[in-house]
Protein chains: 2
Amino acid sequence: MAAGENGSKSRGGGARKVYNALRTEILTLVLEPGELLDEARIGERFGLSRSPVREALIRLSSEGLVTTLPNKSTQVAPLQIEDFPQYLDALDLLQRAVTRLAAKQRRDADLVIIKSAQGAFEDALGRRDALAMIEANRDFHVAIGEAARNRYLADSYARILDEGRRILRIYFRSYGDAVHPEFADEHPRIIAAIEARDEDLAERLAHAHARQMGERFLQYLRSRHTADISVAGGVDAV
Amino acid sequence: MAAGENGSKSRGGGARKVYNALRTEILTLVLEPGELLDEARIGERFGLSRSPVREALIRLSSEGLVTTLPNKSTQVAPLQIEDFPQYLDALDLLQRAVTRLAAKQRRDADLVIIKSAQGAFEDALGRRDALAMIEANRDFHVAIGEAARNRYLADSYARILDEGRRILRIYFRSYGDAVHPEFADEHPRIIAAIEARDEDLAERLAHAHARQMGERFLQYLRSRHTADISVAGGVDAV
DNA sequence: TTATTCAATGTAGTATACAAACTGTACACT
DNA sequence: AGTGTACAGTTTGTATACTACATTGAATAA
């Protein structure tokens, strides 16, 4: 297979490339939960051997984004909506803590990053681009996580936010990726609270924001039958 | 290298074996923070090729237990005591949340596991076995995490607890692994609160427990010079 | 003596080769 | 017909081979 022929980075880049690509596709549901991943096929898709592909899959497995059936194959981690309440609890807790900390510890440089992410968010909102909106939303909160200056909490928070990308994707996709503008005004208020170093307000807004998100998704779940969107097993679900 | 000759599991077991071994040795400081890990050497130590070793290292890297310098080598993740305050904050937050949830959600089966871990803890205390005590302490809290029935929080909590094993190890080792009995009576009270489903008390005790641990370690840090125990870079530090 | 270049060496990243386990199908036997 | 076994195909897990990057140290020049 044309060894030595490579487009981008001659070394070390292969595994990272596959990792990033698969990760994005998993989080955007281009790869459906439960879908089976074949190392060889992925390898030939990227023009790489199985080794870097394997590395990428191991990383993803370690993050819980893929599940590896021993000696059989690895599949995109199923989304178990039955523990969505757990998810919400965790998101709420970490979001409150992190946003409060950010209000306390933020520096001006942090604010710039946060506002920039919010800019991208509003941009996507204006373009009615659901995909970009989800990503910018994640970046916005991750930026707040960084501003909290606690790598343990920020890591856990980022992990949860990523999981949320898949949930939000299901939500929007089910509405044909129509963008609902009701999300628009919550972020600026959070920014303002962080900028004003108002810890209590920041925490309260963060809490409300998580609740809102959960409420909307639960409402959506109720509108459909839970069974219908059980993406847990099949490739062709939803 | 005698292909096909292996003691335990003929397939999939190799990588897991290396992973578990390295992980334990990292968390017990048998492998010092900053120590360099050579894939080939590890491979020959376990009678395996580089492939399974690589898989183990990738997993560990993904968990933050080793740091991989691109194209150079991988080293045991340095312990940065300068962000010990961050660590404490995160531990406190998650411990409070998880212990409270455990008091709310626990089932009888959970209590059995928790008490069993506490049994091992007291056993180790009696034997003055610092290593076993640290491990049992971690298991005790992880069991509480399981009882909370929130896999997101339990995962984050477990991750933080593992990091704590290294910190506790430094602490005890510096005192020649002498076991201080003042830890003894906090766990039973936490168990009692969980058993009685007293959420507020459980959270308060969990909070106090985290504070105690942090206080002791900070006191230890103050007694030595911070620079002396900076295990960040060198192999032979401490 | 000190700085710089370059070859030599070692190790990580990738490719390939081989072995074991699982899957499914076909066929035989009851 | 139903069940069990054999065999082929597919795919993971591991071993080995190869390549490129990086560091080291010696040789040479200033």
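Note on naming: letters A, B, ... go to the chains in the order of the sequence lines (proteins, then strands), and numbering restarts at 1 for each one. Just so it is clear, the model here is predicted, and its values are computed rather than measured.
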Below 3.5 Å, can you tabulate the donor-acceptor pairs from side chains in residues 131-140 of chain A to any protein atom, sequence neighbours excluded?
| from | atom 1 | to | atom 2 | distance (Å) |
| --- | --- | --- | --- | --- |
| A:N137 | OD1 | A:H187 | NE2 | 3.2 |
| A:R138 | NE | A:D162 | OD1 | 2.8 |
| A:R138 | NH2 | A:D162 | OD2 | 3.4 |

Tell me the interatomic distance from B:I58, atom CD1, to D:dT14, atom P, rounded to whole angstroms. 13 Å
Quick one: side chains of residues 60-70 of chain A, donor-acceptor pairs under 3.5 Å with protein atoms, not counting sequence neighbours, listed by atom name and distance.
| from | atom 1 | to | atom 2 | distance (Å) |
| --- | --- | --- | --- | --- |
| A:S61 | OG | B:R59 | NH2 | 2.9 |
| A:E63 | OE1 | A:Y19 | OH | 3.4 |
| A:E63 | OE2 | A:Y19 | OH | 2.3 |

Looking at side-chain heavy atoms only, is the closest gap between A:D110 and A:R149 below 4.5 Å? yes
Shortest side-chain distance from A:K72, nucleotide among D:dT11, C:dC22, C:dA12: C:dC22
Could you state the NZ-C1' distance from B:K17 to D:dT14, rounded to the nearest angstrom? 13 Å
Closest to the 5' end of DNA chain C, once A:R50 and B:T74 are matched to their nearest nucleotides, is B:T74
Tell me, please, which residues at least two apart from A:Y152 pass ring pair (Phe, Tyr, Trp, His ring centres under 6.0 Å). B:Y87
Using a cut-off of 4.0 Å on non-hydrogen atoms, how would the nucleic acid contact of A:L37 be classed: base, sugar-phosphate, or nothing? sugar-phosphate
Of the nucleotides C:dT11, D:dT16, C:dT16, which one has an atom closest to the side chain of A:S49? C:dT16
Looking for any heavy atom pair under 4.0 Å, which part of the strands does B:A40 touch: base, sugar-phosphate only, or nothing? nothing
Look at the side chain of A:P52 and decide which nucleotide, out of C:dT11, C:dA15, D:dT14, has an atom nearest to it. C:dA15
Tell me every residue that passes salt bridge (charged side-chain N to carboxylate O under 4.0 Å, His left out) with B:K115, counting only those two or more places apart in sequence or in another chain. B:E195
Among all residues two or more places apart in sequence or in another chain, which pass the side chain to side chain contact (heavy atoms under 4.5 Å, CB included) test with B:E25? B:L22, B:V30, B:L31, B:R45
Separation of D:dT12 atom P from B:E55 atom CD, nearest Å, is 13 Å
Phosphate oxygens OP1/OP2 of D:dT11: is one of them under 4.0 Å from a side-chain N or O of A:R41? yes
Stretch residues 63-71 of chain A: residues that reach within less than 4.0 Å of DNA chain D through a heavy atom: A:N71
To the nearest Å, give me how far apart CD (A:Q75) and C1' (D:dT12) are. 15 Å
How many Å lie between CD on A:E44 and P on C:dT14, as a whole number? 18 Å
For the pair made of CG in A:D38 and C1' in D:dT10, what is the distance, rounded to whole Å? 9 Å
When rounded to whole Å, the CD1 to P distance for the pair A:I42 and D:dT12 reads 9 Å
Using whole Å, report how far CD of B:E39 lies from P of D:dA15. 14 Å
Is there a side-chain contact between B:R16 and B:E55 (heavy atoms, below 4.5 Å)? no
Counting distance alone, no hydrogens or angles: does the base of D:dA15 have a donor or acceptor under 3.5 Å from a partner atom on the side chain of B:S51? yes
